[in-house]
Amino acid sequence: MAPQPNKRDVNQQLAREFGLSADEYARVLDIMGRTPSLTELGIFSVMWSEHCSYKSSRVWLKTLPTKAPWVIHGPGENAGVVDIGEGLAAIFKMESHNHPSFIEPYQGAATGVGGILRDVFTMGARPIANLNALRFGDPALARTKRIVDGVVRGIGGYGNCVGVPTVGGEINFHPSYNGNPLVNAMTVGIADKTKIFLSAAAGLGNPVVYVGSKTGRDGIHGATMASAEFGKDSEEKRPTVQVGDPFTEKLLIEACLELMATDAIVAIQDMGAAGLTSSSVEMAGKGGVGIELDLDQVPQRETHMTAYEMMLSESQERMLMVLRPDRQDVARAIFEKWDLDFAVIGVLTDTGRIVVKHQGEIEADIPLDPLAEQAPLYHRPTEETPKRAPLGEVADPVGLAAALETLIACPDLASRAWVWDQYDSTVGGQTVKRPGGADAAIVKIEGRKLALALTTDCTPRYVFADPEAGGAQAVAEAWRNITATGALPLAITDNMNFANPEKPLIMGQFAASIRGMSAACVALDFPVVSGNVSLYNETEGKPILPTPAIGGLGVLQDAAQAIGLGLAPGLDLVLVGTTKGWLGQSLWLREVAGREEGPPPPVDLAAERFNGDFVRGQILQGHVRACHDVSDGGLLVAVTEMALGGDTGANLLPGPAGVAAHAFWFGEDQGRYVLAVNDAAGVLQAAAFVGVPAIRIGTSGGAELTLPDGTPMSLDALRRANEHFFPAWMNATGQA
Amino acid sequence: MKATVTVMLKTGVLDPQGKAIGQALHGLGFAGVGEVRAGKVIELELAETDPAKAKASAEDMARKLLANTVIEGFKVEIA
Amino acid sequence: MKATVTVMLKTGVLDPQGKAIGQALHGLGFAGVGEVRAGKVIELELAETDPAKAKASAEDMARKLLANTVIEGFKVEIA
Amino acid sequence: MKAAIVVFPGINRERDMAIALETCSGQKPRMVWHKETDLSGLDLVVIPGGFSYGDYLRCGAMAAQSPVMGAIRAHAARGGHILGVCNGFQILTEAGLLPGALLRNAGLRFLSMDCHLRVERADTAFTGHYQTGAVFRSPMAHGDGNYFADDGTLDRLEGENRVAFRYVTPAGETTAAANRNGSARNIAGIYSENLRVLGLMPHPEDLVDPLMGGTDGKPLFDGLVAALAA
Ligand SMILES: Nc1ncnc2c1ncn2[C@@H]1O[C@H](COP(=O)(O)OP(=O)(O)O)[C@@H](O)[C@H]1O
Ligand SMILES: [Mg+2]
């Protein structure tokens, strides 16, 4: 018999090692009325961890707008659910796997994809698309390269194998992510809107069923394990990195969807972070019932696992369900057909407690209400980020042509084809706009005309300079990207990646970002339906840039109406929106002038909505052949991307008098779109009629991009510059 | 000299490949197959002629590149 | 008993992985590395207690599943 | 045309294939679970793409040992038509129904992009709606598509005119750059001796609808329907 870590003395010292403060431990003692067992302490520590309890962020998250007539389930479920018409619901969420991806980039990213997939199919949806939002450190570091390589392979390795197309995402580089990359993964699924599965357990005596992979000692909290006295074989029991098994996930998706077509399931929940603990506690808690688990029945991959280990294991590809007792055999047959473990590991009770038994002993017996209701909740002090001084005049050191060449080659704007070429974006046969094809990916619903528009967005340098404006900008950009395809934006999911919330400045960034996001959500009718919070993203006291990544979802009645961003010849180019030439926090300022200064571009939410609704109307009326929003890098970069996307040049007209050329072409003013249209006059007239600012900026055609000063730039050369960075960087020394 | 570096997942780390191979062997009717683990082997031709030095060098390669020591262990043989 | 099946690409079959590892080792500054070949190793726990039978059985597994003899050769060791 | 799609655990392009077959034939194909053992009465058996058994060990290796393979062999022996795409191609080579093997892509990365394929002969059931020498676009998505066979086998395949498709430039040239996965002699697909079994790596089934960016893959299925409609 292996040594029994459960026999370890539980006291305040151990509670601290488990991440509970003295106050929190006092509350545990109060709830329990005795010293908790090791397993009980483990359960409290994970349920009250930042990750599960949202103790620092909850007060702010509650202020997010989450309602709209089309929202079926907002935050609080495994994923958000919106009505997309025709009796269907889109189910989606984004989740972070930042720390695991730093430790082991491939597996960290892969298991991140696996985890978010489960959050979506656990609700009854077939996953139809994956996206991601990635931030990496300085490309000059060898470590960054290794992380990028591993993360990209991991996302592809998992998503390609489960057969869910990866259709979009974003990547930024900044030294603040050197020791702390961000890997946020998003999944979107489709379900019959009358068949959504929830996690609230119900039905006294109903069986609690475990399905999927076996439980091992994966990912049990490192700090906890390292400090426990495990004796001689401690090497064996070190916390192990979670390894993803996409093949098993694929089987789990098919088996769950097959079971969901029956009426066997009362409640279902994936085992995500804190595995069996959080799934059982949350299911019972939400349903207001008690739960009793018999760990002897848990399928185990390793020998001599303790109750503590099983309750805290984060082994992947597992689900917990409450079944109708008379349908247990139907369910078992389905999981056996798919070669997956199926075990009844417990029962629902009326005790209001979670009771965990193992080898004839009661290892835990905790009242569920206080565990949830008395979970810590902090109003942490906040400090506002000081407003940045205005930028003032910035002279143009190099001219338009040289600046364009620099910008489109820089890591933040270089072509991401190297990345998305490793992601299967077409599996399923419904991908109407692949990565790079449009501002948002377009994925059709099989057998229908209906399609979804999907995007992820955030500009962390804006958020850092002004968290409120940056938060609003992230939401606005997601909305704009969806709009630019012709789709109607419906809702967002978010992934709040911030540093240490115990620092007032960081908590202030969080609070202000939420304020900005909320304002944008309200103004754009774009509620938050799900999300995730990842705090303490810093290494050696160096915080990441605040990164509230937004995942946006929109809908198109007819996929054939979707437009892309690639130019075709013989069109007029029309710029919609107001250009003052905002260079503060622009990429031009950073890459060309070598400065990271000034306030970020303000977001005029009314104009944003007004301009966007106009653009969408023009697209749906069939007047627009291509459309691209103006974001990072400004107008000239946007036009260049359209030219490269359609392999068609353009002839640009000088901008209006009163705005310096470099500010006009590289400023990052918000709320703007470039439209390629057959008939500029018609579109300009329509814009003038409703009062939307719009001007003609050129025509498309040829194999060159001719700048307003007459400088011709060959598309081939621009393409080479744009496509150079990733392959050159990754192939610099051989990869194994 | 020839160095053979064998890289296996550490005990306790899930080995989906090994698991699937085990199931397939059962499916083919091979009885009595217990745990199956899948790993990599890398054979290196080394100019070094001193076996001890060759081994040290191969171990260094394993640590730096051939094995992912977060999840994998390795073993070096010299012939 | 434990059977270790080592599967390597046959000579003449291009081994891009081996080549890439070789290049990466050079990039890391390891000198004197000649040809590099990458292969697989599968460790099997067998109930069989007779080494000869265990070996025969593992060889059978290799032929039927573990190796693709169009491109790969294999070797079985019993311990 | 009576068609069936074989589904192994981990296969993930069966729905794409079903859509393509239905689009071109107007009939839903029969979906066959890998444990079934009777494929009689079918004109066409399709092994679609995906990651059967996770592509663990070797792509297609475990699927090639499945119960349904006996029925697939019998179908082949009867002179039935078989189409293996991507993982399906790998499974057919692992099962010995087509010669050669598919190795890791030369660049060691998964390749998901469009490629151009040249039709090497237009007189088979699969290519009747293309012209010989025609070039068409097709998505591809694989990590192990690097076709390998020894020189003798390659010479024989070419001598017997059994190369179905080659990776080419849009203009139809067999350059190294067009051959992203490093396949021997730019081979993207091959036929069995009787020309009734076709294996290919790219996914023409994902390009049968203008909404998805084109219909370049459609003639393959239209041709099958025309040839096999009894
Ligand atoms: N930043 C956020 N914005 C909106 N909703 C959030 C946010 N963070 C978490 N949520 C919601 O809180 C709930 C719990 O999230 P999480 O702990 O990530 O779920 P899971 O246990 O499935 O991983 C979910 O409904 C999620 O959508
Ligand atoms: Mg969940």
Side-chain angles (χ1 to χ4, degrees), chain C residues 1-28 30 33-48 54-78, chain D residues 8 52-67 69-70 87 89-111 142-154 156-157 176 179-187 190 199:
Chain C
M1 318 214 69
K2 200 168 103 179
T4 303
V5 182
T6 308
V7 180
M8 300 295 291
L9 286 172
K10 289 182 179 165
T11 19
V13 179
L14 196 70
D15 175 10
Q17 208 180 350
K19 211 173 87 186
I21 294 172
Q23 280 168 357
L25 288 172
H26 283 287
L28 286 173
F30 288 101
V33 181
E35 209 197 346
V36 180
R37 307 281 293 172
K40 285 180 278 216
V41 52
I42 297 117
E43 290 182 1
L44 306 151
E45 210 50 73
L46 299 180
E48 181 59 60
K55 184 159 188 196
S57 157
E59 283 174 351
D60 201 20
M61 295 177 203
R63 265 188 304 269
K64 289 221 176 90
L65 181 74
L66 305 179
N68 176 347
T69 51
V70 174
I71 45 171
E72 295 167 327
F74 64 86
K75 169 179 97 194
V76 172
E77 282 155 317
I78 299 292
Chain D
F8 296 95
S52 59
Y53 298 91
D55 274 1
Y56 298 149
L57 186 63
R58 277 186 326 278
C59 305
M62 299 190 214
Q65 306 293 338
S66 274
M69 282 318 292
N87 201 209
F89 186 15
Q90 294 162 341
I91 293 168
L92 289 172
T93 60
E94 281 282 341
L97 283 164
L98 289 173
L102 292 139
L103 306 176
R104 286 281 298 278
N105 291 344
L108 299 175
R109 289 186 188 278
F110 195 90
L111 293 171
H142 58 250
D144 299 72
N146 180 351
Y147 184 72
F148 171 87
D150 57 44
D151 284 331
T153 306
L154 291 171
R156 191 159 60 88
L157 282 173
N179 188 27
R180 296 288 297 260
N181 58 26
S183 288
R185 305 186 191 177
N186 286 49
I187 291 174
I190 54 169

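In this text, all values refer to a predicted model and were calculated from it rather than measured experimentally. Hydrogens, waters and symmetry mates play no part in the numbers below; they use all other heavy atoms, side chains included. Here is the naming used below: chain letters follow the sequence lines, and residue numbers restart at 1 for every chain.
- With a threshold of 4.5 angstrom between heavy atoms, C:Val13 approaches chain D through its backbone and through its side chain.
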Run the numbers on D:Glu94 and D:Arg58 for salt bridge (charged side-chain N to carboxylate O under 4.0 Å, His left out), then give the verdict.
CA-CA 9 Å; D:Glu94 281 282 341; D:Arg58 277 186 326 278; 2.7 Å; yes
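- Looking at D:Leu57, both its backbone and its side chain come within 4.5 Å of chain C, counting heavy atoms on both sides.
- For C:Leu14, the part sitting under 4.5 Å from any heavy atom of chain D is the backbone (N, CA, C, O) and nothing else.
- The one candidate from C:Glu48, C:Glu77, C:Glu43, C:Glu45 that meets the salt bridge (Lys or Arg N to Asp or Glu O under 4.0 Å) condition with C:Lys2 is C:Glu43.
- A salt bridge does not link D:Arg156 to D:Asp151: none of the charged nitrogens lies less than 4.0 Å from a carboxylate oxygen.
- D:Ala106 pairs by the side-chain contact (heavy atoms from CB on, under 4.5 Å) definition with D:Asn146, not counting sequence neighbours.
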